[in-house]
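Since the structure comes first, as structure tokens, the remarks are kept for the end.
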Amino acid sequence: MAGAAAAALSLGGLDRVLAKDYANRQILLAFSGGPDAARALLAAVGGSILTLAALVFSITVLVLQLTSTQYSPRALRTFMRDRTSKVTMGVFLGTFVFVLLGLREVRTETAAGAEFVPGMLVTGALLLTLVSLYMFIFYIHHISRSIQASSIIAAIAHESAETLERLYRDEFGPQSRIARPVVFEGDPVEVIVARSADTVVTVDTPSLVRLAQDHDACLELTPGLGEFIVTGQMVFKVYGNPIPDHESALRHVRLGDHRTMEQDLRFGFRQLVDIAIRALSASTNDPSTAIQSLDRLHDLLRRLGQREFPTHSHEDDGGTVRLSMNPQSWESFVRDAVEEIAYYAADTPAVSRRLQRMYDDLMENLPPERAAVVRRVATETGWV
């Protein structure tokens with residue numbers, strides 16, 4: 001919208017510079033009609049574009065409602081982050097602003113001055129109208145594809161895979177160890193509690209390490225990523241020396257009203273599982289969608305099972321552990337991916353067979369330590 005306003009003002013200035021050429025019909029690309037025709041054209045474009053914008057907004061709201069009820073409320077963030085919808089709405093509203101500013105440039109002949117028709121500006125409005133029509137057709141095509149279950153599942157899986165590649169880079173090797181929280185000696189000198197209730201979204205570990213080092217203290221973060229904490233709940237245990245300003249520690253733990261995949265890969269698993277169990281419900285009864293979710297979970301588990309989990313103890317430059325966090329274990333990911341689906345898929349043969357194939361493949365191709373965890377979970381869920 002800001003760009004359209006700047007373009008309209010610029011073209012209006014150019015039209016005033018070229019006014020004499022318009023009179024001599026030397027600018028062939030410029031609109032050559034009179035002021036009444038220019039006003040009628042711009043008014044028609046403005047009204048039509050505003051109607052298209054309202055239609056796009058209505059379709060978007062309808063799609064959000066459909067996604068929330070049919071798939072999962074947590075899948076809404078996929079549409080909230082969709083750039084096509086945002087660009088389409090921006091083009092429509094930008095065109096409307098362009099047209100409004102163009103209307104103020106059109107003048108009929110009065111005692112105060114001669115008539116003036118901004119030919120280049122009107123031509124620009126026509127070009128923007130063609131762009132808007134193209135964007136509308138493209139948006140309809142895009143939204144019809146994006147509401148398909150396969151597209152929603154693929155978008156969630158793609159974002160999860162990006163998070164996996166960013167957070168779990170190292171290959172699992174013979175020297176790998178199970179990540180465990182550090183146990184500090186002695187009792188904590190104080191605890192830091194939450195000032196408000198919300199979900200742990202991200203943790204700024206470098207800043208917390210520097211804070212602990214400045215006070216010669218050690219911090220233990222008790223809630224994990226994605227966990228909801230209530231007002232007054234313990235967030236940190238402080239060992240060594242106390243930290244006078246508790247807010248300085250709390251501000252490095254970002255809270256929000258919903259989980260994200262910035263540091264929380266398990267949220268991606270949660271979304272895929274939600275879609276699968278919604279598809280297995282009696283009201284939906286869509287095993288094909290559940291199988292598509294399992295396909296993506298299988299891929300993520302196989303990739304994650306071959307990666308080293310990042311450390312959850314963070315040291316300062318001198319090698320002293322300053323921060324300990326709750327580790328996310330391989331077993332927690334396996335249980336997140338299969339326990340609920342296995343429960344709801346017990347009476348669905350197609351999903352049961354797909355789940356069995358996933359178990360067999362993981363136990364055959366993952367390192368022995370990781371495969372043993374899969375076997376244990378499969379045994380507990382009744383598949384082995």
Side-chain angles (χ1 to χ4, degrees), residues 66-78 148-161 163-164 168 199-200 223-228 258-261 263-305 309 326-363 366 370-384:
L66 174 67
T67 304
S68 177
T69 56
Q70 186 169 347
Y71 300 111
S72 168
R74 279 154 291 282
L76 288 179
R77 61 189 303 274
T78 303
Q148 298 178 24
S150 57
S151 298
I152 296 174
I153 292 171
I156 296 172
H158 179 71
E159 186 181 5
S160 301
T163 303
L164 190 155
Y168 303 84
T199 301
V200 178
L225 285 166
E227 290 186 14
F228 186 85
H258 60 273
R259 298 168 69 179
T260 71
M261 272 191 277
Q263 295 180 356
D264 185 11
L265 177 59
R266 290 178 68 181
F267 182 51
F269 281 63
R270 179 72 264 168
Q271 294 178 77
L272 292 172
V273 170
D274 280 351
I275 294 174
I277 60 179
R278 183 71 64 91
L280 291 171
S281 66
S283 60
T284 304
N285 192 23
D286 183 11
S288 296
T289 297
I291 291 173
Q292 288 177 329
S293 292
L294 267 176
D295 291 340
R296 298 294 182 171
L297 287 167
H298 182 184
D299 175 67
L300 291 171
L301 282 174
R302 182 159 178 176
R303 295 167 68 174
L304 183 63
F309 279 58
N326 268 328
Q328 289 185 334
S329 65
W330 163 245
E331 183 173 348
S332 66
F333 280 98
V334 176
R335 292 189 180 277
D336 285 350
V338 302
E339 278 189 333
E340 294 178 73
I341 296 178
Y343 175 81
Y344 289 103
D347 298 326
T348 310
V351 181
S352 299
R353 288 193 298 269
R354 181 62 185 90
L355 193 59
Q356 183 64 60
R357 290 199 305 272
M358 183 180 75
Y359 282 138
D360 294 341
D361 178 75
L362 293 177
M363 288 187 288
L366 290 184
R370 299 285 172 85
V373 173
V374 176
R375 180 177 295 276
R376 182 169 66 251
V377 174
T379 301
E380 293 177 3
T381 54
W383 249 260
V384 175

So which heavy atom on [X] is nearest to which on [Y], and how close?
X: Ser352; Y: Ala345; value: OG-O, 2.7 Å
X: Ala149; Y: Gln292; value: CB-OE1, 4.1 Å
X: Glu339; Y: Thr381; value: CG-CG2, 4.2 Å
X: Pro287; Y: Leu280; value: CA-CD2, 4.5 Å
X: Asn326; Y: Pro223; value: ND2-C, 3.9 Å
X: Ala279; Y: Thr289; value: CB-CB, 3.8 Å

Hey, can you pull the donor-acceptor pairs under 3.5 Å for the side chains in residues 153-161, sequence neighbours left out?
from, atom 1, to, atom 2, distance (Å)
His158, NE2, Glu162, OE2, 3.0
Glu159, OE1, Arg77, NH1, 2.9
Glu159, OE2, Arg77, NH1, 3.2
Glu159, OE2, Arg77, NH2, 3.4
Ser160, OG, Ile156, O, 2.9

Can you tell if the side chain of [X] reaches within under 4.5 Å of the side chain of [Y], non-hydrogen atoms only?
X: Phe267; Y: Thr163; value: no
X: Leu297; Y: Ile341; value: yes
X: Arg302; Y: Leu362; value: yes
X: Leu301; Y: Val374; value: no
X: Arg357; Y: Arg353; value: yes
X: Leu300; Y: Phe333; value: no
X: Leu294; Y: Val351; value: yes

Supply the atom-to-atom distance [X] [atom1] to [Y] [atom2], rounded to the nearest 0.5 angstrom.
X: Thr379; Y: Arg375; atom1: OG1; atom2: CZ; value: 6.5 Å
X: Arg270; Y: Met261; atom1: CZ; atom2: CE; value: 13.0 Å
X: Leu355; Y: Thr348; atom1: CG; atom2: OG1; value: 11.0 Å
X: Leu366; Y: Leu304; atom1: CG; atom2: CG; value: 9.5 Å
X: Glu227; Y: Arg259; atom1: CD; atom2: CZ; value: 9.0 Å
X: Asp264; Y: Gln328; atom1: CG; atom2: CD; value: 6.0 Å

TODO: Using only heavy-atom distances, determine whether the side chains of Arg354 and His298 contain a donor-acceptor pair under 3.5 Å.
DONE: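 The criterion, which ignores hydrogens and geometry beyond distance, is satisfied for His298 and Arg354.
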
Open item on the list: I'd like to know if the side chain of Ser332 reaches the main chain of Ser329, judged simply by a donor and an acceptor atom lying under 3.5 Å from each other, with no hydrogens or angles considered.
Closed with: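 Flag set: sc Ser332 to bb Ser329 pair under 3.5 Å.
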
Open item on the list: Test of understanding: with side chain to side chain contact (heavy atoms under 4.5 Å, CB included), list the residues that count as partners of Ser151, not counting sequence neighbours.
Closed with: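 Per chain and number, Ser151 pairs via side chain to side chain contact (heavy atoms under 4.5 Å, CB included) with Gln148.
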
Open item on the list: Looking at Tyr344, I want to see if its OH is surrounded by more than 12 non-hydrogen atoms of other residues, nucleotides or ligands under 6.0 Å.
Closed with: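 No, OH of Tyr344 has 12 or fewer neighbouring heavy atoms, counting only those of other groups under 6.0 Å.
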
